[in-house]
Structures are given as C-alpha cells and as structure tokens.
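Scroll down for the structure; my scribbles are underneath it.
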Amino acid sequence: MTRKLTRRDVLAAGAAMGSGLAIGIRPLAAQGADIVLGGSIPLTGVFAFAGVGIHNGIQDYLKIVNDAGGVGGRKIKYVAEDTGYKVDASVAAFNKITGQEKVSLYYGDSTGFSKTINPELERRGTILMAGASFATELNDPKKYPLQFMAGPDYSEMFGILLRYCAREQSGAKLDFVYSDTEFGRDPIAPSEALAKTLGLNIVEKIVTPPGSVDVSTEVLKLRRANPDYTIFHGYVLAPIPEFMTQAKQMGLRSKFMGTFWSSDNSTVQRMGDVAEGYMGVMPYRYYYDADGNSPMLEKIRQMRPEYQSTAYLQGFTTALLMCEAVKRTLAAGKELTGVNMKAGLNSIKDFDTGGIFGVPISIPGNSVSVGRIYAFDSKSKQMRPASDWIRLGS
Amino acid sequence: MRIGTLKTDYAADEALFDTGLQKCLLALALAGAVLLPFLASPYWLFLACLCAINVASATGLNILTGYTGLVSLGQAAFMSVGAYTVAVLEIHLGTPFLLNLLAGGLTTALVGIAVGIPSLRVKGLYLAIATIAASVVLHFIFSHWALTGGVQGLSMPPARFFGVTMDQPFQLYWMIMPVTMLMVLGAANLFRTRVGRAFIAIRDRDISAEVLGIPLLRYKLMSFAVSSCYAGLAGGLWAYFFRVVTPESFPLVNSIFYLAAIIVGGMGTILGGILGAIFMTMVPEVLKFGAGLVTPFYPDALALLAPVRTIVFGALIVGFLIFEPQGLAEIWRRIRRFFHLWPFKT
C-alpha cells in the first residue's frame with residue numbers, strides 16, 4: 001500500500017533531518033522490541049556489484065522472517081548505510097547507526113572494516129557481526145570472538161578445491177594465480193602446505209596486479225609449468241578470461257578454477273566462450289538449482305523471478321544465520337549480547353538452511369566449512385554441480 | 001563598512017589575526033572546538049576527527065603543490081610511511097604517542113626528501129608520475145616487509161595518555177584536533193617567513209627565484225620535507241584513529257582525494273586546504289541524509305539514491321572547478337568583502 005506524500009510530511013522530514021544534522025542531537029530511534037541489524041553496505045564503489053545483491057538478500061530474508069512474526073515475536077529492523085567500499089565510510093556508518101539504534105547484529109563490507117571495528121565490537125560486547133569478507137584471518141574465534149562468516153574462509157575454499165583435485169587426479173600438477181593484494185595472497189601459504197599433504201604438486205605460483213589486462217608474460221609461465229589445474233584467486237573477473245583465452249590458444253589442457261567472488265553465474269557468463277568447463281567453489285546452491293530439496297531457494301525464486309547472484313545468497317544466508325543465532329539466544333532465555341549470540345550461533349549443528357547449503361551445516365567456530373565444485377556448462381549457460389558437497393574436517 | 005585597520009606597532013603588523021572581529025571569530029571557533037566533544041554524538045565526533053586528519057594532510061599537500069608549485073600524487077603514500085612508523089613504534093616499543101607521531105613525521109620527511117630529488121629535474125605532470133612511482137615502491141615495501149606485517153598489515157593498541165586509553169572518538173578528538181590546529185597554525189606562519197616566501201617565489205617562477213638567490217635544490221627538498229612531515233603526522237593520527245594499517249589503507253585514489261581537496265578549497269591558501277578537506281569529507285556524508293529523508297516514504301531509497309549521490313558529489317566538484325576556480329576560499333573572501341563594504345556593493 002502506498003501513501004501519498006504531503007507537504008506536511010516533507011516539512012516534518014525536513015525538520016527531522018535538520019535537527020539530526022544539528023550536532024549533538026540524535027534522531028529518535030524506534031527502540032521498541034525490534035532487533036536491529038545494521039549494515040555498512042557497499043552500494044557504490046568497486047564492490048557495488050556485490051553490495052546491491054547483499055543488500056537485497058538481507059532485506060528479503062528479513063521480510064520472510066518479519067512476515068512470519070519475527071524472531072521470538074520481535075521484528076528485525078534493517079538499517080543500512082552505503083560505504084562506497086571505503087573503511088573510513090564503513091566506520092562512519094557503524095558509528096552513525098549504532099548512535100541511532102540499539103544494534104544487535106551488524107553486516108560489514110570488507111576485511112579492512114572487520115579488522116578495524118573488531119576492538120570496538122569487543123568493547124561494546126552487544127553486537128554479533130558478519131560480512132562480505134571470507135578472509136582466513138577472520139576465521140579465528142580467539143582474535144575475532146564476535147564475528148563469523150556465512151561460508152568457508154578463502155583457505156577453506158582452496159581446501160575444497162584441492163581435495164577435489166586430489167580425488168580427480170592423484171598427484172596432479174597445480175598452478176596458483178593470484179592478485180598481489182591482501183585478498184589475493186590470503187589462502188596461498190596454508191594451501192601450499194595442504195597441497196603437499198594431499199600429494200599435489202604446485203608447479204608454479206603467478207602473482208599479478210589486481211585487474212591487470214596484459215598477462216601474456218604470465219601465460220608463458222603457465223605454459224612452461226603446464227599444470228593440470230590452475231586456481232585463480234583475488235579477482236572478480238579480469239584477468240581470468242584473458243588468462244584462459246591465451247592459455248587455450250597455446251593448447252594448454254589445464255582446468256581453470258576460482259573461488260567465491262569469481263564464481264557467480266553472471267560473472268562466469270561474462271568470461272565468454274572460454275568459460276566452458278571453468279570451475280568454482282560455492283558454499284550455496286545457485287539461484288536456479290533445482291536438485292535436492294531447497295524450499296528456501298523456492299521462496300527466493302517466488303520473491304524474485306529473475307536470477308539472483310551468489311552475493312545475494314551470501315547476504316540472505318548471513319541474515320538467516322544471524323536470525324538463527326538470535327532465536328537460539330532468546331529461546332535459551334539469555335540476553336542478546338554478542339557473546340550469547342555467538343554461543344547461539346556456535347550451537348548450530350546439522351542445521352538445515354532450507355537447501356541453500358546443500359547439506360546440513362554446523363558452525364563450531366567462525367566459518368561454515370562446506371562447499372561444492374560447480375563447472376560452467378556453456379550450453380545451458382549455467383554453473384552445474386561437478387562434485388558432491390565437500391565438508392572439511394570430515 | 002571597514003575602511004582600514006590601524007596598526008601602531010610592528011607586533012600588530014605581524015599579527016596573524018589583525019582585527020577584533022577576526023579574533024572574536026577565532027575565539028568562537030576555539031570555543032566551539034572545545035565544546036564539540038561534549039555535545040556531539042560519536043558519529044559526528046568521528047567525522048570531526050576524520051576531517052581534522054584530512055585537513056592536516058591537505059595542508060601538507062598545499063605547502064608542496066599550492067605554495068611551491070610541485071605537483072604530487074604521493075600524499076597517501078607519505079601518510080602510509082607515517083602510519084607504519086607510528087604502528088611499529090607503538091607495537092614494538094610502546095613509546096608515548098607524541099613521540100611516535102614526531103618520529104612518524106620525521107621519518108616521512110626523510111622519505112619525502114628522497115622522493116623529492118627528481119623535482120630538481122622535472123616538474124608538472126612528470127613530477128606527478130615520479131611521485132606515483134614512489135608510491136608504488138613504498139606499497140611494494142610495505143606489502144613484502146615482515147616488520148610492516150606484509151599484506152595483512154598491522155593491528156596496533158590504542159594510544160594512552162596519563163593512563164587514559166584513547167580508543168573512542170571522544171578521547172581521540174583531544175589528540176587529533178590540537179595536533180591538527182598546531183599544524184595548520186605552523187603552516188600559516190610558515191608563509192610569513194623567508195622559507196615560505198622562497199616556496200612561493202619558486203612556484204611563481206623558479207628561474208627568477210634562483211636569480212634572486214634562492215637555492216632551488218635546498219628549498220624544493222625543504223618543501224618536500226615539510227609537506228611529507230605533515231603527511232606523516234596525518235598518517236600517524238590516522239593510524240591511532242583506525243588502529244589497523246595495511247598496504248591497502250592508503251591507495252592512490254586517496255592522493256587524488258587530497259589533490260582534489262586543495263583544488264576545490266583553493267590552492268595556495270591555508271583556508272583553502274581546510275575548507276577543501278572538510279568539503280571532500282563531509283559532502284558525501286551529508287548527501288546520505290538525502291536518502292535518509294526519503295527512506296520513510298520509499299524504503300529502498302538507499303539502494304536507489306546511492307549512485308545518484310556519487311553523481312551529485314562528482315557534479316559538485318566539476319561545478320566548483322568551472323564556476324569557482326579559485327576554490328571555496330574565494331567564496332569566503334567574497335563574503336568577507338561583502339561585510340567589509342556593507343552597505344555598499346562590492
């Protein structure tokens with residue numbers, strides 16, 4: 001139902017904004033019994049391609065929950081700010097939102113923000129936080145006791161890919177291609193060690209500037225190494241298509257793989273003809289997946305008939321896990337503190353996410369170490385399952 | 001209408017603020033700065049601190065680019081040197097924050113001198129490219145050196161001052177704002193000295209300056225040193241403010257941000273650096289209130305208006321460059337002139 005905007009509304013809103021702008025006067029927050037989920041969301045900037053999906057995913061899950069009566073009878077209110085994927089803007093948004101609302105849950109947009117805000121989270125002790133980052137460093141419950149991630153960390157993603165490679169081809173030759181960033185370098189050292197234990201042979205490591213275009217020198221290195229599998233990390237799209245194009249032109253038979261942010265179906269489609277056979281590790285089922293029982297995906301498809309990205313599913317799933325943590329905390333009769341909500345989250349064992357994760361999940365620490373390998377089928381223009389669900393540590 | 005300022009001694013002639021009104025406004029601004037932490041929410045205090053850090057850095061760049069005419073796109077990299085120095089000292093030695101800040105400023109000044117050497121042979125765009133190259137080298141060092149924590153960077157403990165932990169915007173304000181005020185005051189005074197005037201002479205025409213007896217080598221490097229020192233101090237403040245320093249904390253786009261700040265504010269004026277930094281920091285935040293205004297009536301306004309906000313911000317900058325090329329400082333001067341001559345027309 002829409003309500004007509006009157007001149008009085010505009011004047012009232014203007015007055016409210018003016019008084020909000022006046023230093024020191026905090027806007028009146030709708031306190032009530034609502035539980036607030038704040039968010040530093042990158043709706044603009046270099047990460048906007050994911051931020052918009054994340055934003056929609058969070059909103060949609062909260063709509064489902066609130067339409068069903070909320071969590072323990074309490075509605076979840078979502079208050080977000082755009083950050084442009086800048087740490088200072090993210091911290092400003094955090095300060096703004098927590099200054100206006102009694103925030104219990106928070107979504108952060110980057111590794112930098114997660115690290116920066118961590119001391120403040122611990123000082124407050126009232127917020128459970130998750131975000132867009134799958135950084136290995138954040139998957140440490142001692143250092144980041146009030147944070148989690150709705151999927152495997154980057155090292156675990158590599159772990160899933162490496163286990164797949166080891167199962168498919170014993171003693172396979174591998175090449176890691178990664179960007180010279182914190183994001184790119186994140187899983188490399190632990191994955192080298194894991195590859196050794198799995199009997200895999202890393203024949204080359206290639207570092208490129210992020211988003212580089214001319215990769216001809218690097219492709220020559222790749223040709224010399226002639227790996228069975230080439231794993232990309234630290235990119236969204238470029239230079240992956242260029243790498244694959246040149247490598248295929250040189251007759252390389254290597255299989256190409258990537259991690260979460262380079263494995264969205266629309267991203268892989270944009271790689272063009274060379275995308276055939278490209279493999280990605282994914283903790284969630286894709287939007288269109290019809291195999292198995294996935295009522296939650298069905299709900300998403302009803303709410304949004306057009307394709308939704310894996311970033312959307314990440315936001316949706318993060319909100320789902322946050323709400324589950326709140327539900328368990330309230331059910332235990334405990335106060336909604338960061339520690340209690342994290343304990344509630346960690347009590348999740350063999351939990352069915354409505355088919356978003358293909359298997360029941362447990363969260364003993366800060367991550368959900370489950371994933372599956374998908375491969376791109378250019379006929380259907382879809383990432384299709386190439387393996388069973390792989391759980392680490394089992 | 002003000003028809004003149006009577007000065008009866010040399011001290012009055014040398015005073016930075018020479019009229020009663022200026023002194024009153026200064027006193028009001030100082031009183032406002034003192035009262036702000038007690039009135040403002042953490043959000044506004046956070047923004048005030050961020051503005052102050054950006055003012056400090058923009059003022060440093062203004063000394064180099066606005067006053068000496070040496071274009072630099074290395075300001076963010078210089079800030080990173082100061083930030084890392086402070087972080088390393090705080091983590092490994094636990095020395096007092098004022099000492100760490102000074103060390104950060106001095107270390108960056110030395111790096112600035114090294115980076116400034118090409119300025120003796122090149123200027124303009126060529127020098128800008130040289131400073132970008134220096135930024136790349138510094139980024140490489142920081143992301144590969146164990147001391148700086150590699151690509152993961154450093155997480156540092158908060159500053160402490162007489163037993164008070166400075167980890168909240170309220171406490172940090174009392175660190176950042178006074179240091180920035182001293183830096184701005186220092187810069188304002190610099191251009192009333194022989195050194196500052198030499199910088200201006202070099203900017204206006206370096207060959208003429210040399211003919212006048214100004215050693216270009218010494219003064220250009222001195223300008224780089226002072227400017228870098230400012231950047232280092234600002235970087236040090238930034239490190240205490242965010243307490244996480246990584247190679248990606250100071251990207252090239254930040255250098256462009258500071259250059260844009262002094263252009264929008266008005267190059268070659270202290271006030272320009274201040275106004276420009278505040279404008280560039282605050283306008284994106286203030287524009288967010290537009291989305292907040294519409295959200296009660298249109299819930300998805302945030303997602304819809306976010307790109308619009310970016311476009312408006314960009315358009316504002318372009319508008320300033322076209323319609324007010326002298327920057328915000330010129331608008332302020334016009335306002336002052338209006339009141340000086342009132343009731344007559346300017």
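Here the structure is a predicted model, which is why all the values come from computation and not from measurement. Chain A is the first sequence line, chain B the second, and so forth, proteins listed ahead of strands; every chain is numbered from 1.
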Next item on the list: Please find out if less than 6.0 Å separates the ring center of B/Phe161 from that of B/Trp174.
Entry: no
Checklist line | A/Phe232 and A/Phe176 aromatic centres sub-6.0 Å | finding: no
Checklist line | Side chain, backbone, both or neither of A/Glu81 within contact of chain B (heavy atoms, under 4.5 Å) | finding: both
Next item on the list: Let me know if B/Leu47 has heavy atoms under 4.5 Å from chain A in its side chain, its backbone, both or neither.
Entry: side chain
Note to self: Using a 4.5 angstrom heavy-atom cutoff, name the option from B/Leu45, B/Thr246, B/Val151 with the most pairs to chain A.
What the structure shows: B/Val151
Margin query: For B/Phe78 together with B/Tyr230, are the ring centres under 6.0 Å from each other?
Written below: no
Note to self: Less than 4.5 Å to any heavy atom of chain B: does that hold for the side chain of A/Val52, its backbone, both, or neither?
What the structure shows: neither
Checklist line | Within the 6.0 Å centroid threshold, strictly below: B/Phe142 and B/Phe140 | finding: no
Next item on the list: Could you tell me which of A/Asn95, A/Thr98, A/Asn118, A/Ile97 has the largest number of non-hydrogen atom pairs under 4.5 Å with chain B?
Entry: A/Asn95
Note to self: Check the orientation of B/Phe170 and B/Phe38. Use parallel for under 30°, tilted for 30 to 60°, and perpendicular for over 60°.
What the structure shows: perpendicular
Checklist line | chain B interface, residue from A/Thr44, A/Leu43, A/Asp82 that has the most non-hydrogen pairs under 4.5 Å | finding: A/Asp82
Checklist line | Per-residue contact mode, B/Glu248 against chain A (heavy atom under 4.5 angstrom) | finding: side chain
Note to self: If we count only N and O atoms by modelled type, under 3.5 Å, do the side chains of A/Asp186 and A/Tyr178 hold a donor and an acceptor together?
What the structure shows: no
Item checked: A/Thr111 portion near chain B, given a 4.5 angstrom heavy-atom threshold -> neither
